[in-house]
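First up is the structure itself, then whatever we jot down about it.
A, B, ... follow the sequence lines: proteins, then strands. Residue 1 opens every chain. Everything numeric here is computed off the predicted structure, so don't read it as measured data.
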Protein chains: 2
Amino acid sequence: MKPTCKYPRPALTVDCVVFGFDEGDLKVLLIERDLEPFAGRWALPGGFVQVDESLDDAALRKLREETGVNRVFLEQLHTFGRPDRDPRERVVSVAYYALVKLSLHGVKAATDARNAAWFAVNDLPRLAFDHGEIVEVALQRLKNKARHEPVGFELLPPKFTLTQLQHLYETILETPLDKRNFRRKILSMDLLIETDEIEKNVAHRAARLYRFDEAGYRQLRKKGFLFEL
Amino acid sequence: MKPTCKYPRPALTVDCVVFGFDEGDLKVLLIERDLEPFAGRWALPGGFVQVDESLDDAALRKLREETGVNRVFLEQLHTFGRPDRDPRERVVSVAYYALVKLSLHGVKAATDARNAAWFAVNDLPRLAFDHGEIVEVALQRLKNKARHEPVGFELLPPKFTLTQLQHLYETILETPLDKRNFRRKILSMDLLIETDEIEKNVAHRAARLYRFDEAGYRQLRKKGFLFEL
DNA sequence: CCAAATAGTGTCAATTGCACACTATCTCAA
DNA sequence: TTGAGATAGTGTGCAATTGACACTATTTGG
């Protein structure tokens, strides 16, 4: 292969906004930088794209390497390319966002070699580079996405209560929802499978657990079904 | 500045899907390649990102250089990075899509030094690289965007009839719309300003011309107004 | 067994969506 | 000048959906 471009090239990285949901808060996974620039600041997990790997693969690899997160919802978000976004040299970053079930992945991330931690999105520290801006764009995208596609389930454990689901949507959409109307709507969509299990270890009446019906959802989509919250 | 990455770097380009609307068809602006690879094939306008220009600037520059298109709606679409998408070497491309008023820009594009032409999206030739795939993604995005934001006006002349507007939406959304319901809905949104002009040179009753009220739309947005077709 | 905590359930009114067909106006050609 | 062709413009009724609203049921722990 001969090069097609004689100009200097920007470096190319991926960065991931990893969302989790826990105790009523939407959280983002950050990593503490140990090198300059921005040593000591928190930043998004990410790194250089290798020359023979696709962008999606690069994002998946970085997630695995830096956070131990494995099979998750992952989607490209936006590409950030302000010439001065990295003080060293020109770096263009393809940002992704991921939705993980915190109940499964929560522990692992915090015990990695590098210092990693979950932060509530409403209480983030100042981030390195333009990562604050990237998180903003990701939040906006998640909000839009959640309204039109059933991605919320990616943030909940496999079995969940309707109240958990409602709280999740209230958090993402930043708006309160009426309990009875919410239940009527979500149940009428035929996307939830009622299990015969109930919550454990609660000091009050236990709620029924539901599962998301992924196969059923794919069927419905083919028939033109539109998810709308 | 010292380089941050010792690996070989992918080349970085931008490609633009330029949409126009004419005679009831949604069209895309393509350029005929004169160099290998894919010499003679049609491709999206685009080219290398320079090391000191932002991605948006690169897209605007390429639009200007290759198509003469100037002040238009332009938005980042998606970044395409399959390792084998360019047979020469690794090239990652940040794709944009643009909406232009064909009535204003139509002529210029076709008379550029390089061979450029508008093609109906339903009748595209085989494109170079993965550009066919990029156009597909752009069409999908336009469809979603048009449902939730009033971008359609970017494709119409400054003054237009309600019938033109309806045809445009029918084309983008690939679905027929009821004339009376469409008019009721769009007029009730208070986004259109009725001019005192009517169509010229038609062999039948002339329709009233409307303008899109951009300032009014920004006001409404602040008050939480949601465009929905 | 009672207090605390949350689960779960139905109705009515208002709004919105959707199907549907005729009259008005203008041009052009005979 | 007039009639045919073409498109503009207009309203109603029914069905479906949304949104507001409050009480009873169940479980635990003290």
E75(B)-Y97(B) side chain donor-acceptor pair, cut-off 3.5 Å: yes

With sequence neighbours excluded, residues passing side-chain contact (heavy atoms from CB on, under 4.5 Å) with T13(B): D15(B), F48(B), V91(B), S93(B)

Enclosure of R211(B) CZ (heavy-atom neighbours >12, cutoff 6.0 Å): no

Residue mapping more 5' on DNA chain D - nearest nucleotide basis, Y210(B) or K179(A): Y210(B)

Gap between atoms CZ and C1', on F182(B) and dA8(D) respectively (whole Å): 14 Å

Sugar-phosphate only, base, or nothing, as touched by T161(B) at under 4.0 Å among non-hydrogen atoms: nothing

Between C1' of dA8(D) and CD of Q164(B), the distance in whole Å: 13 Å

With A206(A) via side-chain contact (heavy atoms from CB on, under 4.5 Å) - residues at least two apart: I198(A), E199(A), V202(A)

Can you list, pair by pair, the side-chain donor-acceptor contacts under 3.5 Å of residues 120-135 of chain B, counting residues two or more places apart and other chains?
unit_1: D130(B); atom_1: OD1; unit_2: R85(B); atom_2: NE; d: 3.3
unit_1: D130(B); atom_1: OD1; unit_2: R85(B); atom_2: NH2; d: 3.0
unit_1: D130(B); atom_1: OD2; unit_2: R85(B); atom_2: NE; d: 2.7
unit_1: H131(B); atom_1: ND1; unit_2: L44(B); atom_2: N; d: 3.0
unit_1: E133(B); atom_1: OE1; unit_2: R82(B); atom_2: NH1; d: 3.4

Interatomic distance, R183(B) CZ vs dA8(D) C1' [rounded to whole Å]: 6 Å

With sequence neighbours excluded, residues passing ring-ring contact (aromatic ring centres under 6.0 Å, His included) with H167(A): none

Residues forming a side chain to side chain donor-acceptor pair (under 3.5 Å) with T79(A), sequence neighbours excluded: T79(B)

Near-strand residues of residues 142-153 of chain B, defined as heavy-atom separation under 4.0 angstrom from DNA chain C: none

Electrostatic pair R41(A):E32(A) at N-O distance under 4.0 angstrom: no

For a quick test of your reading: what N or O donor-acceptor pairs under 3.5 Å do the side chains of residues 136-144 of chain B make, sequence neighbours left out?
unit_1: R141(B); atom_1: NH1; unit_2: L77(B); atom_2: O; d: 2.9
unit_1: R141(B); atom_1: NH2; unit_2: Q76(B); atom_2: O; d: 2.9
unit_1: K143(B); atom_1: NZ; unit_2: E174(B); atom_2: OE1; d: 2.7
unit_1: N144(B); atom_1: ND2; unit_2: Q140(B); atom_2: O; d: 3.4

Touch class at under 4.0 angstrom, heavy-atom based, for R208(A) against every strand present: sugar-phosphate

Atom pair distance, as rounded to whole Å: CD1 in I186(A) and C1' in dT17(D): 16 Å

Value in whole Å for how far the P atom of dA8(D) lies from CG of L165(B): 13 Å

Y217(A) and D190(A) side chains, donor-acceptor separation under 3.5 Å: no

Donor-acceptor contact below 3.5 Å, side chain D178(B) vs main chain R180(B): yes

N-O pairing of R147(A) and E228(A) below 4.0 Å: no

Heavy-atom protein contacts under 4.0 Å, nucleotides 10-18 of chain C, coded B base, S sugar-phosphate only, - none: BB-----SB

Length of the CZ-P vector between F160(B) and dA8(D), whole Å: 14 Å

Contact list for DNA chain D against residues 220-229 of chain B - heavy-atom distance below 4.0 Å: none

Residues which pass ring-ring contact (aromatic ring centres under 6.0 Å, His included) with F227(A), listed by chain and number, not counting sequence neighbours: none

With F225(A) via ring-ring contact (aromatic ring centres under 6.0 Å, His included) - residues at least two apart: none

Close N or O pairs between protein and nucleotides 26-30 of chain D (under 3.5 Å):
unit_1: dT26(D); atom_1: O2; unit_2: R205(A); atom_2: N; d: 3.3

